[in-house]
Amino acid sequence: NAGVTQTPKFRVLKTGQSMTLLCAQDMNHEYMYWYRQDPGMGLRLIHYSVGEGTTAKGEVPDGYNVSRLKKQNFLLGLESAAPSQTSVYFCASTPSTSFLAETQYFGPGTRLLVL
Amino acid sequence: KQEVTQIPAALSVPEGENLVLNCSFTDSAIYNLQWFRQDPGKGLTSLLLIQSSQREQTSGRLNASLDKSSGRSTLYIAASQPGDSATYLCAPPGGNTGKLIFGQGTTLQVKP
């Protein structure tokens, strides 16, 4: 199993540009999450999904949209990038029925720089 | 709202020392707590998950304890090695959808 993979690994955007970050997991997990990690702020939840076709807002959702059209994929979109969205983005997944006893599996991260 | 504090923020020790990393959280109504390791420029790797019914969980040289009543967890690393150098993150859940609330981590450097 590849686990959780993220595409791209690194990206530079200009203010106002749009992009989509892709997260894919091959473990048949129901729950998927998008976090961002910033110096001094730790990891914060952006959006999450409890199953195919469902999404919900996390702690810092403004400026982002998500979609979960397929169970294995969770997409994070930036419609109009801002310098404040410069960050490292992590995707994670976990099984549903047993999430109380299961860890979260994290992807390697996407580094985004918005100029 | 769950808030997590990790102390110390940074730690530098010589190889071979035993050490303790501390984590405190404000909402004790948790069903588990996880400890992760993050190497520079890398993702998070799960180290230990402690269920609320457990007091301790061990993996190799790592031992994590959980005291829900006091809102505290500790990660004990025995006989530290340079390869243990990384940032260690404590993460209790924030609600019942599996989302995690992270502390800012303790950055550990083990000197040869």
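Note that the coordinates shown come from a computational prediction; the quantities given were computed from them, not determined experimentally. First the proteins, then the strands, lettered A, B, ... as listed; each starts at 1.
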Heavy-atom closest contact (Y35(A) atom, L100(B) atom, distance): OH-N, 3.1 Å

Among the listed options S52(B), G43(B), S46(B), G94(B), the residue most often paired with chain A at heavy-atom distances under 4.5 Å: G43(B)

Q37(A) side, atom CD; Q104(B) side, atom CD - distance, nearest 0.5 Å: 10.0 Å

Which portion of L43(A) sits near chain B, non-hydrogen atoms under 4.5 angstrom: both

Nearest heavy-atom neighbours spanning K1(B) and E59(A): NZ-OE2, 4.2 Å

Minimum heavy-atom distance L44(B)-F106(A), with the two atoms named: O-CB, 3.6 Å

Chain B contact via R44(A) - which portion, at a heavy-atom distance below 4.5 Å: neither

Within 6.0 angstrom of R61(B) CZ, more than 12 heavy atoms from elsewhere: yes

Chain A contacts, top residue of G105(B), G41(B), P93(B), A91(B) (heavy-atom pairs, under 4.5 Å): G41(B)

Contacting region of Q6(B) [heavy-atom separation from chain A under 4.5 Å]: neither

Neighbour count >12 (heavy atoms, 6.0 Å) for atom CD, E15(B): yes

Cluster overlap Y64(A) with V66(A), hydrophobic side-chain contacts below 4.5 Å: yes

Option in G40(A), A56(A), G107(A) with maximal non-hydrogen atom pairs under 4.5 Å from chain B: G40(A)

Within 6.0 Å of CZ in R72(B), more than 12 heavy atoms from elsewhere: no

Region of K42(B) that comes under 4.5 Å of a non-hydrogen atom in chain A: backbone

Path from L75(B) to I50(B) over hydrophobic side-chain contacts below 4.5 Å: yes

Neighbour count above 12 (heavy atom, 6.0 Å) for M41(A) CE: no

ILVMFWY network linking Y88(B) to Y76(B), side-chain heavy atoms under 4.5 angstrom: no

hydrophobic_cluster_shared for Y33(A) and V50(A), side chain cutoff 4.5 Å: yes

